[in-house]
Protein chains: 2
Amino acid sequence: MKFEAVTIKDIAKALGLSTSTVSRALRDSYEISEETKQQVLQYAREINYRPNPIALSLKEKRSRSIGIIISEIANSFFSQAINGIESVANSKGYNVIITQSLESYEREVSNMQFLASRSVDGCIISVSTETSDYAHITDLFNKGLPIVCFDRVIEGIETHKVTVDNFKGAYDATQHLIDTGHKRIAHLANSEFLSITKERMAGYKKALEDNGLPFKEQYVQYSQHGGMIYSEVEDAMNHLLKAKQKPDAIFASADKLTTNCMRFCKAKGIKIPKDIAVIGYSNLDLTDLISPSLSVVRQPAFEMGKVATDLLIQMIESKRPVTDFENIVLPAEVYARESSGKKIPVQ
Amino acid sequence: MKFEAVTIKDIAKALGLSTSTVSRALRDSYEISEETKQQVLQYAREINYRPNPIALSLKEKRSRSIGIIISEIANSFFSQAINGIESVANSKGYNVIITQSLESYEREVSNMQFLASRSVDGCIISVSTETSDYAHITDLFNKGLPIVCFDRVIEGIETHKVTVDNFKGAYDATQHLIDTGHKRIAHLANSEFLSITKERMAGYKKALEDNGLPFKEQYVQYSQHGGMIYSEVEDAMNHLLKAKQKPDAIFASADKLTTNCMRFCKAKGIKIPKDIAVIGYSNLDLTDLISPSLSVVRQPAFEMGKVATDLLIQMIESKRPVTDFENIVLPAEVYARESSGKKIPVQ
DNA sequence: AACGATGTCGGGAACGATTGCGTAAAAAAA
DNA sequence: TTTTTTTACGCAATCGTTCCCGACATCGTT
């Protein structure tokens, strides 16, 4: 089955003109008489002519599409970010090709190649938890493919980066747990490779330090797949609970870590926040309905998507190579609810 | 900025061959000597040659991309469906352009035109809650654009349709509420225009009827935007609670209706399931963490996406016009949890 | 020796649109 | 009237790839 579109030739033939004249008439060139223009325009409207974007892409060497590589669409942070990306991209005439790595390095590499082979004009990428080698990204970037890093940024590539203030988000979350009377605060961390993991870890440590609390290695557990696999979080939690001095609070630094931590506690009959208080990163718009209502660090995902796309398109459409790169850092917000023991006074 | 790719011409020039020979060598034509083939293949690998998909699209009059129109990416049902769509599409060399209507008819129409103008080879569509005029779809379909309807299907177009058994899902959910001892069961329904609304309504009615319970108009409230706007659900719930005989259970027939109904009850201090039992459609993987844990009708979203995409690609690649259309109906499953008062015996 | 068969390859048109250049006719200037 | 300028359009190349033809060896057959 196929779907035959009207071309400029059809118009030319019907009107007894050449394709060049029609093309110029449609683009309102000064070389074409008003009379001919009107004739062409009217006929084009009649038969509902639409320029073929593929022919244009071939000619102009640009596809007017941008690629996205994220770990998972069905993750509220990323789906909100996609909304932001899409809103800007569409308004500027670009379309968006979304691919997901599902936290697999291998899939990320093949997605990157797929996008390059589909000749996208640029890419927005948030790397997978498994990614520690960035050659697949830097190679294409060095060949001139515009790339904007987003959320999980990488070193070794000089380009625009859009992140949230992970240090402050983690600091505030930890401080909040301390303010609600907790002293043995564990940290469910994401993959060690990720920039966000390091930054959040630093914020967590600094908050402990500023409050005179010791940092303990056994209170930190990394999850190589960001909690996407339940057993990961299960293992991490079991490790944490094995400590002689059990933690009295948990700071989870990814959406799935947070929810799977809740799920674990529910399964084990651990009372939140009585036995253990919980605060975690999450962009779910449902955290108020969870029991107990979930204290979260929420990121401006939509805004991040918008900003990243603006920067990318600016880069794509720049005449000369861009050398002045921006490092946008947006704020994250802490929403204190029941799970962190909001109302518990310091004992 | 742009990114110059290697072309077949570069290979031809480097090897002192013509482009036709190179092209044929790459496609392993019998007309080319084994020696030349090896030479071309090796050099192509060396310089990492990738055929330009845009040039191919122009030549073959197909873009190897499919369009999706859904209401919202950040809705777990649709994001799961997208996963299914993507998995099949990518494995068959297609890429996917996702657009969202956000339940707006106007946006749906412009998305449809956008996709057509980007010359997608086919479309998968689930209409918005506002859509009651299908001309934007049928016009393109009649011009030969392959389209598969999915979840929210439409009449007036003979094509493949992939749905779930909405009648049975609603029947089972209602029956479950009856089994748990409820007699005054209200129905938070989606937009009246939608196929799924009608089918679920029918299942709801039939279950009441089969159990000798009366169907009452005042126990039914429609939401024109599927609960996407909280005030919609708020109004609907307020209406339901105004009845002389307040409903003792609610069957919500969309994800956002369900969660916003929970949110409403929480805000008003209505105890679930003691004051009112709740069951609703939802594909969230978090419903077990909500308090009380949420009884849901869950749809096989991923599977639906896969099936729809298989059918679409089959249609796209068919040599002759397809006239034999399938109507795939997948089962939905009821998960009974606390919110429907699972353990309450019939009084 | 003459001819067809076969094996290898190149030329060039085509896909749809844009655009530099050339040019005929009309208008303006000389 | 002749020359120059302007107006309004067509021709053809281009983008990267495929594919229909045609060309030219080489070989075997009669």
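Here is the naming used below: chain letters follow the sequence lines, and residue numbers restart at 1 for every chain.
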Whole-Å distance between [N] [atom2] and [X] [atom1]?
X       : N      : atom1 : atom2 : answer
B/Ile54 : C/dA14 : CD1   : P     : 23 Å
A/Lys9  : C/dG16 : NZ    : C1'   : 7 Å
A/Glu34 : D/dA8  : CD    : P     : 9 Å
B/Ile11 : C/dG10 : CD1   : P     : 14 Å
A/Leu26 : C/dT19 : CG    : C1'   : 15 Å
B/Glu31 : D/dA23 : CD    : P     : 15 Å
A/Lys13 : C/dA17 : NZ    : P     : 13 Å
B/Tyr30 : C/dT8  : OH    : C1'   : 11 Å

Of A/Ser23 and B/Lys37, whose closest DNA chain C nucleotide lies nearer the 5' terminus?
B/Lys37
When you match B/Gly16 and A/Tyr49 each to their closest nucleotide on DNA chain C, which lands nearer the 5' end?
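The answer here is B/Gly16.
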Under 4.0 Å between any heavy atoms, over every strand shown, what does [X] touch: base, sugar-phosphate, or nothing? Just pick one.
X       : value
A/Ser57 : nothing
A/Arg24 : base
B/Leu17 : sugar-phosphate

May I ask you to verify if any side-chain N or O of [X] is less than 4.0 angstrom from the OP1 or OP2 atom of [N]?
X       : N      : result
A/Thr36 : D/dC9  : yes
B/Lys61 : C/dA14 : no
A/Lys59 : C/dC15 : no

Any side-chain to backbone donor/acceptor pair from A/Glu108 onto A/Ser128? Under 3.5 Å, distance only.
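Side chain of A/Glu108 to backbone of A/Ser128, a donor-acceptor pair under 3.5 Å: yes, one is there.
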Return the nearest nucleotide to the side chain of [X]; candidates are [options].
X       : options                : answer
A/Ser18 : D/dG10, C/dC9, C/dG16  : D/dG10
B/Leu58 : D/dG16, D/dT17, D/dC11 : D/dG16
A/Asn52 : C/dT18, C/dG16, D/dG16 : C/dG16

Salt bridge between A/Lys37 and A/Asp28, side-chain N to carboxylate O under 4.0 Å?
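Yes, A/Lys37 and A/Asp28 are salt-bridged.
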Between the side chains of B/Arg152 and B/Glu103, is the shortest nitrogen-to-carboxylate-oxygen separation below 4.0 Å, so that they form an ion pair?
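Salt bridge present between B/Glu103 and B/Arg152.
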Fit a plane to each ring of B/Phe150 and B/Phe77, take the angle between them on a 0 to 90° scale, and name the class: parallel (under 30°), tilted (30 to 60°) or perpendicular (over 60°).
parallel
Within a reach of under 6.0 Å around CD of B/Glu106, are more than 12 heavy atoms found that belong to other residues, nucleotides or ligands?
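Open.
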Can you tell me whether the side chain of B/Ser33 and the base of C/dG7 have a donor-acceptor pair closer than 3.5 Å?
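No such pair is found, so the answer is no.
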